[in-house]
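The block underneath contains the structure these notes are about, expressed in structure tokens.
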Amino acid sequence: MTEARTVVILAAGEGKRMKSALSKMLHPLLGRTLLGHVLAAAAPAGADRTLVVVGHAADQVEAHLVEVAPHATPVLQAEQHGTGHAVRIALEAAPEVNGTVVVLNGDVPLLRGETVTALLEAHERAGAAATVLAAEVPDPTGLGRIVRDPAGGLERIVEERDASPAERGIREINAGIYAFNGRLLRAALAKLTSDNDQGEEYLTDVFGLLAAAGEPVAVHVAADFEETLGCNDRVELAGLRGRLRDRVNTALMRSGVTILDPATTWIDVTATVERDAVIDQNTQLRGATRVGTGATVGPDTTLIDTIVAAGATVLRAHAVQSEVGPGASVGPYAYLRPGTRLGEKSKIGTFVEAKNSEIGTGSKVPHLSYVGDATIGEYSNIGAASVFVNYDGVAKHRTVIGSHARTGSDNMFVAPVEVGDGAYTGAGTVVRRDVPPGALSVSGGPQRIFEGWVESRRPGTAAAEAAKQANAAAQAARATRDQLHVTEDGHADADAPGDTSSE
Ligand code: UD1
Ligand code: CA
């Protein structure tokens with residue numbers, strides 16, 4: 001039987017070196033905030049209680065907790081007198097806690113849940129009073145050092161600024177992740193002093209105090225030092241982002257996803273990609289984005305909270321809260337705004353923007369169009385350069401296009417309006433009234449021609465000169481043809497009052 005576990009996350013520090021109005025804890029890193037990553041790493045510990053110590057920008061951090069970790073309890077550390085002080089305040093707010101207490105710095109976002117679990121198991125198996133997660137790092141600058149006794153056991157943890165030159169040479173560092181016996185921790189915290197270079201209560205001093213009292217203290221060495229890296233400024237944040245990108249991409253490639261250029265592919269830890277999907281270069285998959293098997297995404301594509309079904313293609317596109325159906329095709333150069341839902345094998349083509357619209361199975365909007373607040377049925381084709389005029393300046397309205405409709409190029413659908421199943425519209429139609437199923441609709445007066453207008457009204461211009469030459473050439477050609485008695489019918493097909501759709 002394991003005793004009740006408590007997780008304490010330290011998130012009250014200012015993070016001065018970030019130079020930010022945003023709490024350091026809330027800076028984003030591939031799908032979660034720094035604090036969000038630590039909360040996720042702590043989750044497998046299966047704690048009965050999670051306490052988050054907040055202080056600097058407490059309002060921001062508390063609001064974030066409500067969003068991402070409503071089970072966590074914020075505890076206010078109004079003045080930040082050090083990590084020991086922070087844990088003391090947390091435990092004072094939870095007097096019933098006496099089982100295992102896991103403490104995590106809030107700024108170690110690459111920490112894995114497995115590592116926290118391994119630390120906990122080692123701690124509980126050994127019956128230790130306190131166990132620290134340590135790592136051998138290439139550059140220990142600024143970090144607390146693990147000072148071992150001659151037998152190899154933990155003697156104490158010393159901060160760099162309080163360390164002797166010999167101690168500074170130690171490359172085994174304190175990761176800022178610990179497991180404690182809650183009762184012994186509470187007693188040791190009461191004995192902390194601020195007798196150090198920073199005048200703070202150091203949580204790390206608990207180890208020296210417990211060791212000196214003959215309590216068993218232990219070191220658990222992390223398998224991979226990368227997990228223990230902290231974040232103190234934006235340069236370190238960028239470094240962590242690159243490492244996390246590589247970790248995510250490596251795991252996906254091993255699971256059967258092709259990533260053509262891992263160095264320029266940024267996939268949030270919260271996104272999922274199924275096997276045999278292909279992710280081309282310069283692509284970002286953010287938030288709750290899901291890419292199905294066999295789909296191709298990229299190059300130069302950003303998907304935010306977007307679902308791409310199996311076999312779909314999304315090429316040079318930006319999509320937010322949208323759904324791309326199985327085998328559907330998007331782009332190149334498309335913008336899908338929230339609420340766009342594309343049916344199976346449908347198409348949103350080049351320079352098309354869509355918003356809050358449903359495009360049914362097999363329907364296509366191939367070129368240069370805006371589709372806003374529309375419902376399009378199945379197997380319809382929307383001509384090039386069409387606009388769904390959804391806004392009357394006050395309210396938004398819907399356009400409904402049926403199935404198997406063919407609308408001409410350069411149409412304006414002035415919503416609210418409907419085009420019925422199997423209906424056609426001519427090029428340049430301004431659709432203000434509903435078009436019944438199977439009808440053809442055209443609008444605007446007949447095209448009018450004013451012969452010779454440029455030569456008479458704009459004499460001497462380049463246009464007039466060009467017209468003159470073309471007319472002279474046509475006249476000469478006609479004269480030659482008349483001489484040869486060749487006759488031709490130069491009239492267009494009289495059935496179609498307007499061009500219809502472009503494919
Ligand atoms: C701490 C450790 C150091 C370790 C390093 C790992 C101590 C004394 N030192 O140093 O041994 O190598 O982490 O990154 O613990 N915080 C509070 N309240 C406070 C002070 C800090 O909540 O009063 C929080 C911070 O927001 C941060 C964490 O505690 O999340 C660590 O604080 P920080 O000041 O970064 O400690 P370090 O000096 O890095
Ligand atoms: Ca730190």
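Atom set for the values below is all heavy atoms of this structure, side chains included, hydrogens, waters and symmetry mates excluded. FYI, the numbering just counts along the sequence from 1. Both ligands and their constituent atoms are indexed starting at 1 by order of listing.
When ring centroids are compared, Phe207 and Phe180 come within the 6.0 Å threshold.
The Ala175 neighbourhood of ligand 1 comprises atoms 6 (C), with distances under 4.0 Å to a heavy atom of that residue. For ligand 1, the atoms closer than 4.0 angstrom to any heavy atom of Gly106 are 30 (O). Distances below 4.0 Å separate heavy atoms of Ala11 from the following atoms of ligand 1: 22 (O), 26 (O). Shown in contact with Gln77 at under 4.0 Å from a heavy atom are these atoms of ligand 1, numbered in order with element: 17 (C), 18 (N), 19 (C), 22 (O), 23 (O). Within the listing of ligand 1, atoms 7 (C), 8 (C), 15 (O), 20 (C), 21 (C), 29 (O), 31 (C), 32 (O) sit less than 4.0 angstrom from a heavy atom of Thr83.
Ser369 approaches Ala384 most closely through the heavy-atom pair OG-C, 4.1 Å. Annotation for Leu29 and His37: closest pair O-NE2, 2.6 Å, computed over non-hydrogen atoms. For the pair Glu215 and Ala129, the tightest heavy-atom approach, listed with the atom from each and the gap, is CB-CB, 3.8 Å.
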Task: Residues Asp373, Lys355; criterion salt bridge (charged side-chain N to carboxylate O under 4.0 Å, His left out); working and verdict - done: CA-CA 6 Å; Asp373 300 310; Lys355 183 214 82 169; 3.1 Å; yes
- [ ] Test Thr375 against Glu358 for side-chain hydrogen bond (donor to acceptor under 3.5 Å, both in side chains), laying out the working first.
- [x] CA-CA 5 Å; Thr375 303; Glu358 276 165 61; 5.0 Å; no
TODO: Could you go through the side-chain hydrogen bond (donor to acceptor under 3.5 Å, both in side chains) check for His64 and Thr33 one step at a time?
DONE: CA-CA 9 Å; His64 181 59; Thr33 59; 2.8 Å; yes
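Backbone and side-chain nitrogen or oxygen atoms of Asn174 are examined, and one is located within less than 3.5 angstrom of a nitrogen or oxygen of ligand 1. For ligand 1, none of its N or O atoms has an N or O atom of Ala86 under 3.5 Å away. The N/O atoms of Glu159, backbone and side chain alike, include one that comes under 3.5 Å of an N/O atom in ligand 1. Looking at ligand 1, you won't find any N or O of Leu203 less than 3.5 Å from one of its N or O atoms. Looking at Val108 next to ligand 1, no N or O pair under 3.5 Å apart turns up. Between Asn232 and ligand 1, no pair of N/O atoms sits closer than 3.5 Å.
Within the 3.5 Å criterion, the main-chain N or O of Lys19 finds a donor-acceptor partner in the side chain of Arg234. The closest donor-acceptor contact from the side chain of Thr289 to the backbone of Asp305 lies under 3.5 Å. Checked by atom type and distance alone, the side chain of Asn249 pairs as donor or acceptor with a backbone atom of Thr265 at under 3.5 Å.
Distances from ligand 1 to the non-hydrogen atoms of Thr204 include at least one value under 4.0 Å. Not a single heavy atom of Gly55 sits less than 4.0 Å from an atom of ligand 1. Under the 4.0 angstrom criterion for non-hydrogen atoms, Gly230 is not in contact with ligand 1. Within the 4.0 Å heavy-atom shell around ligand 1 one finds His81. The shortest separation from a heavy atom of Met25 to ligand 1 is under 4.0 Å, placing the residue in contact.
Remark: among candidates Ile157, Leu34, Asn105, the nearest residue to atom 14 (O) of ligand 1 is Asn105, based on non-hydrogen atoms. Considering only non-hydrogen atoms, atom 19 (C) of ligand 1 lies nearest to Gly82 out of Gly13, Ala134, Gly82.
The pair Arg88-Glu201 meets the salt-bridge criterion, since a charged nitrogen lies less than 4.0 angstrom from a carboxylate oxygen.
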